[in-house]
Amino acid sequence: MRLWKQLFLTALSSALPATLAQNVIDLSGDGWTVSSSALNISVPGRVPSQAHLDLLAAGIIDDPYHGLNDFNLRWIANNNWTYTSKPIQGLSSDSKTSWLVFNGLDTFTTIEFCGQPIASTENQFRQYVFDISDALKGCNGLPTVSLNFGSCPKIANAIAADPKSQKWPAGIQGTFEFPNRWYIRKEQSDFGWDWGPAFSPVGPWQNVYLVQSEAETSAYISNTGFDIYRKGQINHIAPDQSQPWVFNASIDFVGSLPEKSSMQIEIKDIESGSILKSGTLDNAVVTGQTITGQTVIDADAPRLWWPTGMGKQILYNVTVTIRVNEEDIASVTKRTGFRTIYLNQSNITEEQRSQGIAPGANWHFEVNGQEFYAKGSNIIPPDAFWPRVTEAKMKRLFDAVVAGNQNMLRVWSSSIYLPDFMYDLADERGVLLWSEFQFSDALYPTDQPFLDNVAAEVVYNVRRVNHHPSLALWAGGNEIESLELPTAKAKAPEAYDFLVGDYEHLFISLILPLVYENSRSISYMPSSTNNGFLKVDLSAPVPMVERYDNGTDQEGYYYGDTDYYNYDSSVAFDFEGYPVGRFANEFGYHSMPSLQTWQQAVDEEDLHFNSSTIVLRNHHYPSNGPDTHNYKNASMGMAEMTLAVERYYPIPNKDDSLANFSTWCHATQLFQADMYKSEIQFYRRGSGMPERQLGSLYWQLEDIWQAPTWAGIEYDGRWKVLHYTARDIYQPIIVSPFWNSSTGDLSVYVTSDLWQTAQGNVSFTWTDLSGKPILDNAGTPKSRNFSVGALNTTKIYDTNISKISLPSIQDAVLIIDLTAQGYLPNQMQNSATIFTHRNHFTPVYPKDLALKDPQLDLSHNSKDNTFTVEARNAVSLYTWIDYPAGVVGYFEDNSFTLVPGEKRSLRFVVQKDETGGKWVDGVTVRSLWDQTTKY
């Protein structure tokens, strides 16, 4: 299995550039020792790694994810750990200067080289470079590096206890398990979250290098800031698509360059091999440890990069070479693309109002000057231990994103700044990454040392990833403006103005200018959910004036994006209660993972719904402290899932305990998927409503471990019902029923994401649950033609259940089939595409249906690896094809409806197979009816 060293291969191409007169020694790999003097433990280690992983490899601990080890292993986080290298070979005897380069240290580190103290660090997200020339000269024998990592929970607590440290009123800060995370610059979810464990790992989580310069003039490239934008572009203003492109190349280096250094550039189309631009960059300037130059490219010369579903992902290799006196000193190659991406928060124009758009302000994205509907989810850390996140696993995840019809992921705060290889995967697949700085659900210090630390973190990461065309946005943090400040206003009104000032000082006065100074191509907003800004004045002390509550109480006016959770499942499908806004960036409900996933981490005897292990692995609701017996709060979260199933779905009651547990897990997924479907349909319909809603990103894409969470993809890559359902409802053209169960009103809409008008037909077929047509189609028209505008919706049917002639509302289902013709974005030169979509409606909730055994038949064709399902006896609702452990992949469709005599042939896309193909023998099929059986 390839670990972090391989994962950062692309980033290392810049960290290990072509240079002259330099000796670069990669200290990553095996040969390190990890020790704790307090615990008398010493085991082999490696870099990159973290203490938990090396203790696991040495057999000192069991898998941290097994059972209740997230509680049992807290002694690791509560101790210091020292990483010591083996003696370093290969040092140059001609070195003028030597440095240690750390791409990531987690988090509080005291560094020694050859027994001499070098420096200390306190930020997981920064790159550190230290001069060790003098220490090396005084070293006897081969040197070693020693990295002493302090206990982050203890250090955070010590900072909090310091009388000089900033304090906040009680009840404001979002504590999960370990407290005081806001004092330190470490992955905030390492201190626990409601979907994940609190391991708080430490260690050298990225690569380590020793760099030696053998000449007075040299440049080791430590980072780059490549920025591609339209001439005159400013982050918060729509770029002029007719303007030429500006390519600004800024390179950070270690070493020494004369002021008269020059820069050469070559931009090559990867697909065609043609050279877009080559030559000398203009205005090359050396300032401190950075050299910058730029060039201009004709407006229409590059082929554009588009998100998935909107065009091709055209990529270019850009090579920039630093030259001194006609001699190449160093060069770096980055892969990039030409596109503009812009968050439009401008006021609604009179022209928009004349089109029926409500007053207020826009809140949507535009790519290459074209507004589009953002469809996707929120990505969280895929593992509590980043060094074991493999490139192969992330490829499977991003492939699942594209297969799920998603074009955007929100890279949630309180994870890490994603590594370049994940942005590379997004570049290749056309997935936009709304990226956030690592602040979440808390208010943060504003003392100068903290601000200086944050500033270095921001500059490093903005520059590092700015060349990726998938980068869509920078947001200051998560839920700070929509949750933390309102909480402060309610609980500490006397301190509110001061706390708002602190918030603006960090997220607007500090971070905004740093983003603007290092990128003209990416928009910035201070918090993930907000009402937009009133104005931007870059010369003002607070350069962006936020709207806060201004205008949100004006009836018929809409501002900003929405963040919505409601765990009262009795109103789960009441779409009239969903928030109405311009964009939905977070919403959801938790569910259980599948039995196959539980079996990866939980012993067989604990696999029942209310076992201590299952309950305590549910971190919703969190303990709000280091309590390891959080039964009360965890049981509340379990009850929410149980009540949701009991309210809407047949209650599992199987004789076999394990089968019953598995069925309950599946039932919670059915509720979760249906609730998300209800919301996504509502938000997408909003594209044609006065709110002009142009985005829905649900919470959350994937799991960090095996537990009840909001995820649509389980820890090992298995799709929950949610991901299949979201894939279905994120298709370009959909048909959606909207039923008010209180009034009986039923309406059906067609919604389209296309950029041109589409036409088609929707058929309505009422049958009883045995599949027999209901007389006269229950008084419902058999079909309706439609025309739906670009990024729009249209109502095609409106009635009330009382007007439909149904012999029994418990024995009826409406099958709704759509067929349409339209053009995919940037495909007008091709023939029209045929789109199909099926939805269904029942006039009662699933638990009240008079279900019948559909007698499902499943067969497998080994030649093309397809599975065919047929309902032979009755309507099959929520038809679910399942597969055994040992293989990862997905079916082309799942959780679908079949009428009797109808067959569906589906291919299974294998992403990883550890069974040698034997998994096909364990594929099964079931429907909603099977939830009710005893066996």
[X] side chain to [Y] backbone, donor-acceptor under 3.5 Å:
{"X": "Tyr698", "Y": "Trp710", "result": "no"}
{"X": "Asn180", "Y": "Pro153", "result": "no"}
{"X": "Arg181", "Y": "Gly174", "result": "yes"}
{"X": "Thr597", "Y": "Pro593", "result": "no"}
{"X": "Trp386", "Y": "Ser49", "result": "no"}
{"X": "Asp606", "Y": "Gly67", "result": "no"}
{"X": "Arg617", "Y": "Ala707", "result": "no"}
{"X": "Trp205", "Y": "Gln124", "result": "yes"}
{"X": "Ser413", "Y": "Phe437", "result": "yes"}
{"X": "Thr709", "Y": "Ala711", "result": "yes"}

If every non-hydrogen atom of [X] is compared with every non-hydrogen atom of [Y], which pair is closest and at what distance?
{"X": "Tyr676", "Y": "Gly588", "value": "OH-CA, 3.1 Å"}
{"X": "Ala51", "Y": "Tyr83", "value": "N-OH, 3.2 Å"}
{"X": "Tyr423", "Y": "Leu418", "value": "CE1-O, 3.4 Å"}
{"X": "Leu485", "Y": "Leu499", "value": "CD2-O, 4.3 Å"}
{"X": "Asp561", "Y": "Met525", "value": "OD2-CE, 4.5 Å"}
{"X": "Ser591", "Y": "Gln672", "value": "OG-OE1, 2.8 Å"}

Quick one: [atom1] on [X] to [atom2] on [Y], what's the gap to the nearest 0.5 Å?
{"X": "Phe661", "Y": "Leu595", "atom1": "CZ", "atom2": "CG", "value": "7.0 Å"}
{"X": "Tyr444", "Y": "Tyr183", "atom1": "OH", "atom2": "OH", "value": "12.0 Å"}
{"X": "Glu714", "Y": "Gln669", "atom1": "CD", "atom2": "CD", "value": "5.5 Å"}
{"X": "Asp62", "Y": "Leu56", "atom1": "CG", "atom2": "CG", "value": "7.5 Å"}
{"X": "Ile184", "Y": "Glu122", "atom1": "CD1", "atom2": "CD", "value": "10.0 Å"}
{"X": "Leu471", "Y": "Ser435", "atom1": "CG", "atom2": "OG", "value": "5.0 Å"}

Exercise. Could you walk me through whether Tyr715 and Trp705 pass the ring pair (Phe, Tyr, Trp, His ring centres under 6.0 Å) test, one step at a time?
Key: CA-CA 5 Å; Tyr715 176 66; Trp705 70 331; 9.3 Å; no
- Intermediate values then yes/no, ring pair (Phe, Tyr, Trp, His ring centres under 6.0 Å), Phe149 and Phe108: CA-CA 6 Å; Phe149 292 91; Phe108 294 94; over 10 Å; no
Check the side chains of [Y] and [X] for a donor-acceptor pair under 3.5 angstrom, ignoring hydrogens and angles.
{"X": "Thr82", "Y": "Asn148", "answer": "yes"}
{"X": "Asp194", "Y": "His590", "answer": "no"}
{"X": "Asn80", "Y": "Ser36", "answer": "no"}
{"X": "Asn531", "Y": "Glu546", "answer": "no"}
{"X": "Asn453", "Y": "Arg126", "answer": "yes"}
{"X": "His620", "Y": "Glu640", "answer": "yes"}

(Q) Between Tyr589 and Tyr567, is the ring pair (Phe, Tyr, Trp, His ring centres under 6.0 Å) condition met? List the steps. (A) CA-CA 7 Å; Tyr589 205 99; Tyr567 297 105; 5.4 Å; yes
**Prompt:** Taking the six-membered ring for Trp, is the centroid-to-centroid distance between Trp664 and Phe609 below 6.0 Å?
**Reply:**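 Under 6.0 Å, so yes.
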Assert yes or no for the condition that the ring centre distance of Trp412 to Trp699 is strictly below 6.0 Å.
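Distance test on ring centres: under 6.0 Å, yes.
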Would you call [X] and [Y] a side-chain contact if the rule is heavy atoms closer than 4.5 Å?
{"X": "Phe439", "Y": "Arg185", "answer": "yes"}
{"X": "Trp193", "Y": "Pro381", "answer": "no"}
{"X": "Asn624", "Y": "Phe176", "answer": "no"}
{"X": "Glu702", "Y": "Ile380", "answer": "yes"}

Verify side chain to side chain donor-acceptor pair (under 3.5 Å) between Tyr417 and Glu457, making sure each step is shown before the conclusion. CA-CA 10 Å; Tyr417 300 91; Glu457 164 191 328; 2.5 Å; yes
request  = Cation-pi check, Lys393 to Phe398: give yes when NZ or CZ is under 6.0 Å from the six-membered ring centre and within 45° of the ring axis, no otherwise.
outcome  =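 Checked: cation-pi criterion not met.
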Worksheet item: Out of Glu479, Glu481, Arg410, which one pairs with Ser528 under the side-chain hydrogen bond (donor to acceptor under 3.5 Å, both in side chains) rule?
Response: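 Single side-chain hydrogen bond (donor to acceptor under 3.5 Å, both in side chains) partner of Ser528 among Glu479, Glu481, Arg410: Arg410.
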Inset, instruction - Name all residues meeting the salt bridge (charged side-chain N to carboxylate O under 4.0 Å, His left out) criterion together with Glu484; count only those two or more places apart in sequence or in a different chain, and write none if there are none. - result: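 With neighbours one apart ignored, the set is empty.
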| task | Using the test salt bridge (charged side-chain N to carboxylate O under 4.0 Å, His left out), find all partners of Glu177 that sit at least two apart in sequence or belong to another chain. | result |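 So Glu177 forms a salt bridge (charged side-chain N to carboxylate O under 4.0 Å, His left out) with Arg74.
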Exercise for review: Verify salt bridge (charged side-chain N to carboxylate O under 4.0 Å, His left out) between Lys489 and Asp549, making sure each step is shown before the conclusion.
Suggested key: CA-CA 12 Å; Lys489 190 174 186 178; Asp549 296 328; 3.5 Å; yes
Quiz prompt | Test log, rule ring pair (Phe, Tyr, Trp, His ring centres under 6.0 Å), inputs Phe191 and Phe178 | solution = CA-CA 5 Å; Phe191 275 39; Phe178 292 126; 5.7 Å; yes
